Amino acid sequence: MYRLALYAADIGWNDVIRLCRDRRARALTDQLYRSLGSVSANIAEGNSRATGRERARFYEYALGSARESRDWYYKVRHALGPEVTEHRLALLTRIIQLLLVAIPDQRGSSIREEPALYDVDG
């Protein structure tokens, strides 16, 4: 899950550069890149914690950032196009799914993601 999150931030850099060229999307780029970077950073910090409860807390922060990143990608979908947007949403959804397994495993309880379809062509 860390590798996927790091990959998402890495490819997000190019997306942000592309979005900076569109004045309508430029204001959102900082938020997008910060939330993408926060996913892998919080997973890394969580992996450094001694107890499962502490790890779960940082994984929850990563979960929030992954959901925020997915939200920002949906908002800039018109500037990125459907193919890129679908890839990024799928990647972030996979990271979210992994976190939703890891958090209860570390904490000892359960949480889940409601299924959602995103229409990027309309």
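Values below: all heavy atoms of this structure, side chains included; hydrogens, waters and symmetry mates excluded. On a predicted model such as this, the values are computed, not experimentally measured, just so you know.
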Residues in ring pair (Phe, Tyr, Trp, His ring centres under 6.0 Å) contact with Y7, at least two apart in sequence or another chain: none
Contacts of Y33 meeting ring pair (Phe, Tyr, Trp, His ring centres under 6.0 Å) (sequence neighbours excluded), chain-then-number -> W13
D10 meets the salt bridge (charged side-chain N to carboxylate O under 4.0 Å, His left out) criterion, sequence neighbours left out, with none
The criterion is salt bridge (charged side-chain N to carboxylate O under 4.0 Å, His left out); which residues satisfy it with R24, sequence neighbours excluded? D22
Any donor-acceptor pair under 3.5 Å from S69 side chain to L36 backbone: yes
Is a side-chain N or O of S48 found less than 3.5 angstrom from the main chain of A44, in a donor-acceptor match? yes
Looking at every heavy atom in both [X] and [Y], which two are closest together, and how far apart are they?
X	Y	result
A56	R107	CB-CB, 3.9 Å
L92	A66	CD2-O, 4.1 Å
A79	R18	O-NH2, 3.7 Å

Where do E68 and L32 land on the side-chain contact (heavy atoms from CB on, under 4.5 Å) test, with the steps shown first? CA-CA 8 Å; E68 179 185 355; L32 172 61; over 6 Å; no
Determine whether [X] and [Y] make a side-chain contact, defined as any pair of heavy atoms from C-beta on separated by less than 4.5 Å.
X	Y	answer
L19	R26	no
V39	I95	yes
I17	T29	no

Can you list the residues that meet the side-chain hydrogen bond (donor to acceptor under 3.5 Å, both in side chains) rule with N47, with sequence neighbours excluded? Y59
Residues forming a side-chain hydrogen bond (donor to acceptor under 3.5 Å, both in side chains) with S65, sequence neighbours excluded: S38
Heavy-atom count around R53 CZ within 6.0 Å, excluding the residue itself: above 12? no
Verify same cluster id: L99, L4 (apolar side-chain graph, 4.5 Å): yes
Check for me, please, whether I96 and L6 land in the same ILVMFWY cluster - side-chain distances under 4.5 Å, paths through other members count. yes
Nearest-0.5 Å distance, CZ of residue R57 to CG of residue N42: 10.0 Å
Let me confirm one number: the CG-CE distance from L100 to M1, rounded to the nearest 0.5 Å. 10.5 Å
For the pair R67 and D71, find out whether any cationic side-chain nitrogen is under 4.0 Å from an anionic carboxylate oxygen. no
Could you pull out all residues at least two apart from [X] that satisfy side-chain contact (heavy atoms from CB on, under 4.5 Å)?
X	result
T85	R77, L80, L89, V120
R49	E45, E54, R55, F58
R34	D30, Q31

Can you list every pair that meets salt bridge (charged side-chain N to carboxylate O under 4.0 Å, His left out) and has a residue in residues 87-98, with sequence neighbours left out? D15-R88
